[in-house]
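These numbers come from a predicted model, not from an experiment. Computation of the quantities below employed the complete heavy-atom set of this structure, encompassing side-chain atoms and omitting hydrogens, waters and symmetry-equivalent molecules.
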Amino acid sequence: MNPRIPSYVFTRNQKDIFNYLFNNEKIERLAAKIVDKGFIAHDPIYVVKEGDAYIVVEGNRRVSALKCLLDPSMAPSASKKRKLERLKNSLGSELIEKVEVYVAPSRRAVENVLYELHAEGKLQWSRQQKNRFIAGVGIEDGESLEDIAERFNVKVSEIQDSVQEYILERYFTELDLPTDIEDKALKAKFQMSTISRLVNRKIFKDRTGFEIINGTLTTTCSKSFFNTLLRQIVTDIVGQKINSRILNTAKELDSYLLASMNKIDAGELNDKVDFNPGKGNNNPSQDDEGQQNGTKRTSRKEFLITRNINYHTGSDKLDVLIQEAQGMLLDTYKNAAALLLRSIIEIAVIRIFDIHGKKEQCMNGNGRIKNLSENINALVKREVWFSDKAYLSDLTRFISKDSASWNSLDSLNRYAHGEYTLPDREMLKQLRLIITPLISMCCESNPNKAKE
């Protein structure tokens, strides 16, 4: 629930949080500063007790740095572990094992402190992080804009702007953007302020009917018109064709919008935008041969993909490969098995995009399929396609470049290109855990689906 972490990055446990903070929030630098200057309690660390644990709600970066100075193995990669080991050795016997924290009675009780520190104070979140905080503390729980504004003693319009930007950012993955542009649009450095200035212009609202009510983005214009226009705006911002200096006046903003709109076909009005990010289903994914409903299921022979299900994915090629995997024992022909599972992953990802009418997103300018890493990176950003958010978290970890285990796309890619060590039984079992829910997603829109 940390506002620093983007909505498309899912964190089920402490390890996931560490991975993100280390890669994006300069934890190593903070740890080095603590070693150099000591731990200075310049701002309180706040925690709340939930169940048997104390959850840090303010001071996550400092606590993460302190934890890793005590135990460098918590760092997410070998290089970071080595650096933390050196820093720990520099501390010698001066290890910091305890710090004073404030125990808040609830998350809600400390939200005003967080807003004061990070939305308006000296330790400011990025614009997008502030928006995620506003959405998380109120909108997603049904709190009105007026109530949120009163709680934080700010204008209703400020809360409205944050909610609007949050939902627009979530909508970016619906725009069929090239993956490199989409990646930049979802970064904290992207100029959401320029988006806001444009969509709040009267000419934009009159032409599109753009509105956000109760967390839902709607339009009166066609979806194709709205998406094409917003896609052009995002692309121009990423390409630095427009910014707050170039579009500095009301006249310049309206001229840009008018010129952009006049190039776009109106489209069919029976296809309007009705978008709500939603919360999805957070049930954990389970191994089809593991424990389910408290009952352990065992099999005398283990296959690459379990044999008691007939998968109908809508792709004949994918169905054939799955059937081959269902006939291959886990302990036989491990090299061929690893390459077969990689092929299944690649075709399954493309099939999921195809199901949602977005297959062209998997293609480059020459009409060829993009590399697997790029396509899965684009897939995990489409949260609304995943009913199982726990699986989305697993898939996000699977593509992390910091993973040193066989259960990672980087290891599998290196193996497929003639590098790295040979696959083993455990590696194939781990790949099966990743692949099975992916195949099930391919079956969701097929009337035959997967049948026992």
**Q** Apply the side-chain contact (heavy atoms from CB on, under 4.5 Å) test between Leu392 and each candidate in Asp394, Asp388, Thr396; give the one that qualifies.
**A** Thr396
**Q** I'd like to know if the side chain of Thr218 pairs up with that of Asp274 as donor and acceptor (distance under 3.5 Å, no hydrogens or angles considered).
**A** no
**Q** Are Asp271 and Ser222 linked by a side-chain donor-acceptor pair shorter than 3.5 Å?
**A** no
**Q** Using the side-chain hydrogen bond (donor to acceptor under 3.5 Å, both in side chains) criterion, which residues pair with Thr194? Sequence neighbours excluded.
**A** Gln191
**Q** So, Gln232 versus Ser260: side-chain donor-acceptor pair below 3.5 Å or not?
**A** no
**Q** Write out all pairs satisfying salt bridge (charged side-chain N to carboxylate O under 4.0 Å, His left out) with one or both partners inside residues 204-230, taking only residues at least two apart or from two chains.
**A** Lys202-Asp206
**Q** Tell me every residue that passes side chain to side chain contact (heavy atoms under 4.5 Å, CB included) with Arg86, counting only those two or more places apart in sequence or in another chain.
**A** Arg82, Lys83
**Q** Quick one: list whatever passes side chain to side chain contact (heavy atoms under 4.5 Å, CB included) with Gln326, sequence neighbours left out.
**A** Ile305, Arg307, Tyr311, Ile322, Gln323
**Q** With a 4.5 Å limit on heavy-atom distance, are the side chains of Leu229 and Met261 in contact?
**A** yes
**Q** Can you name the residues that form a side-chain hydrogen bond (donor to acceptor under 3.5 Å, both in side chains) with Asn24, not counting sequence neighbours?
**A** none
**Q** Salt bridge check, Glu58 against Arg62: does any charged N sit closer than 4.0 Å to a carboxylate O?
**A** yes
**Q** Say whether Asn214 and Thr216, considering side chains only, have a donor N or O and an acceptor N or O under 3.5 Å apart.
**A** no
**Q** Please, which pairs that meet ring-ring contact (aromatic ring centres under 6.0 Å, His included) have at least one residue in residues 343-369, sequence neighbours excluded?
**A** Phe353-Trp385, His356-Trp385
**Q** Any Lys/Arg nitrogen of Glu182 or Lys381 sitting under 4.0 Å from an Asp/Glu carboxylate oxygen of the other?
**A** no
**Q** Which heavy-atom pair separates Ser64 from Leu21 by the least distance, and what is that distance?
**A** OG-CD1, 3.5 Å
**Q** Could you verify whether a donor N or O on one side chain and an acceptor N or O on the other, from Ser393 and Arg397, lie under 3.5 Å apart?
**A** yes
**Q** Do Asn2 and Tyr20 meet the criterion of a side-chain donor-acceptor pair at a distance under 3.5 Å?
**A** no
**Q** Before accepting this row, confirm whether a basic side-chain N of the pair Glu174/Arg382 lies closer than 4.0 Å to the acidic partner's carboxylate O.
**A** no
**Q** Using 0.5 Å steps for rounding, measure from the CD1 atom of Ile439 to the CD1 atom of Ile434.
**A** 12.0 Å
